[in-house]
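Written below as structure tokens is the structure these notes are about.
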Number of protein chains: 2
Amino acid sequence: MRLDSVDISILTELQDHGRLTNAELAERVGLSASACHRRVKALEQAGVIDRYVAILSEKALGRGITVYVQVTLDNQKRETLVAFEEAVETVPEVMECYLMSGDADYLVRVLVRDANDYERVHREVLSGLPGVARLVSSFTIRRVFSRTTMPVPDEVVVKGD
Amino acid sequence: MRLDSVDISILTELQDHGRLTNAELAERVGLSASACHRRVKALEQAGVIDRYVAILSEKALGRGITVYVQVTLDNQKRETLVAFEEAVETVPEVMECYLMSGDADYLVRVLVRDANDYERVHREVLSGLPGVARLVSSFTIRRVFSRTTMPVPDEVVVKGD
DNA sequence: CCTGAAATTGTTGTCCT
DNA sequence: AGGACAACAATTTCAGG
């Protein structure tokens, strides 16, 4: 599916301002409200816009510390991987989990209040997950930046194509 | 600032459905539209809700591969750090960057189309950033899961408190 | 694909409890 | 605090170019 410059503007605006009114969005991209609305619906339908979310302040919620943890399992049997994956997803402090190439089997991003809180999560939760053999924790000192925004290319892959 | 169960419901709903209408949100949390609207405004004001965004599909945009890169700089002089930080933020493929404790100085998350595209970014962009001495790339094979949603505690830290 | 108009729905202030 | 109501605004559909 090919995107024209108006689609790209729409997506760029919505990535930063997910709650723009359709009327305001239409004005910013130079379209009538109805035309703009149709485009947005089409982009949602096509799966280019996945969803809309409110981002809460990590600081306000008392979740200021990010820790990356490399997880090595006992083995790479399929059941071991599946059991770990199902269990790790239920841990609310784990924000993200990737199956990795290289040394460790998984990389998980953990968000906690402080170092003490991480100690608890490490001891009581992560080390108890099924199949876990080794955990290597890397503490972040400071977030330099974080983006939720991607550049929008002029061609996208659409559901059912 | 203390949150009651209605505030928690509001924040939980908005984290998953950032574009709910106020009317629909009010119904879900069991409040009148005007009361709900007041609460949402207060939560925005207090900085608990940071912002609203549309999440685009990485797959649709052709950015399917995540690579984590550990960056070691020539030294830890302040100017070296600052120069690197300013430069890395301008790289659109870099979605996130943390100053780290431990072996490497920084950890960056890079989003690219495929392995070839990463080769380009590695060679033409990352290795050219100021102060970079070593890059250790870890490829993800598959994303197990990713959350944007945090559990909402009943007490939050408010701007100007 | 667009615009413009019409019907529906949502927003948001004010006042009252 | 929350609710009801009312004026205004936005959304959404549809006819017609």
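The analysis underlying the following values was restricted to heavy atoms, covering all of them including side chains, and did not include hydrogens, waters or symmetry mates. So that the names make sense, note that chain A is the first sequence line, chain B the second, and so on, each numbered from 1.
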Q: Could you name each residue pair satisfying salt bridge (charged side-chain N to carboxylate O under 4.0 Å, His left out) that touches residues 16-36 of chain A, not counting sequence neighbours?
A: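 Checked against salt bridge (charged side-chain N to carboxylate O under 4.0 Å, His left out) - neighbours excluded - the pairs reaching residues 16-36 of chain A are A:E13-A:R28, A:E24-A:R28.
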(Q) Please give me every residue in residues 7-16 of chain B whose heavy atoms get under 4.0 Å of an atom in DNA chain C, ordered by residue number. (A) none
For [X], side chain to side chain donor-acceptor pair (under 3.5 Å) partners two or more places apart:
| X | value |
| --- | --- |
| A:E58 | A:R143 |
| B:E89 | none |
| B:R142 | A:E85 |
| B:N116 | none |

Q. Among all residues two or more places apart in sequence or in another chain, which pass the ring-ring contact (aromatic ring centres under 6.0 Å, His included) test with A:F145?
A.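 Counting only residues at least two positions away or on another chain, A:F145 forms no ring-ring contact (aromatic ring centres under 6.0 Å, His included).
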Q) Could you give the start and end, 5' to 3', of the contact zone on DNA chain C for chain B, using atoms under 4.0 Å from its heavy atoms? A)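 Contact boundaries, 5' end first: C:dG10 to C:dG13.
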Q.
Please confirm whether the shortest side-chain N or O distance from B:R39 to OP1 or OP2 of D:dA1 is below 4.0 Å.
A. no
**Q.** Shortest non-hydrogen contact between A:V67 and A:S137, atoms and distance
**A.**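 Looking at all heavy atoms of both residues, the closest pair is CG1-CB, 4.1 Å.
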Q.
Considering only residues two or more places apart or on different chains, which pairs with a residue in residues 112-138 of chain A satisfy ring pair (Phe, Tyr, Trp, His ring centres under 6.0 Å)?
A. A:Y118-A:H122, A:Y118-A:F139
(Q) For residues 61-92 of chain A, which residue pairs pass the ring pair (Phe, Tyr, Trp, His ring centres under 6.0 Å) check, not counting sequence neighbours? (A) A:Y68-B:Y68, A:Y68-B:Y98, A:F84-A:Y106
Q.
What does the B/S/- profile of nucleotides 3-17 of chain D look like, 5' to 3', with a 4.0 Å heavy-atom cutoff to protein?
A. BB-----SSSB----
Name each donor-acceptor pair under 3.5 Å that joins a side chain in residues 46-55 of chain B to protein atoms two or more places apart or in another chain, with its distance.
| unit_1 | atom_1 | unit_2 | atom_2 | d |
| --- | --- | --- | --- | --- |
| B:R51 | NH2 | A:T148 | OG1 | 3.4 |
| B:Y52 | OH | B:E44 | OE2 | 2.7 |

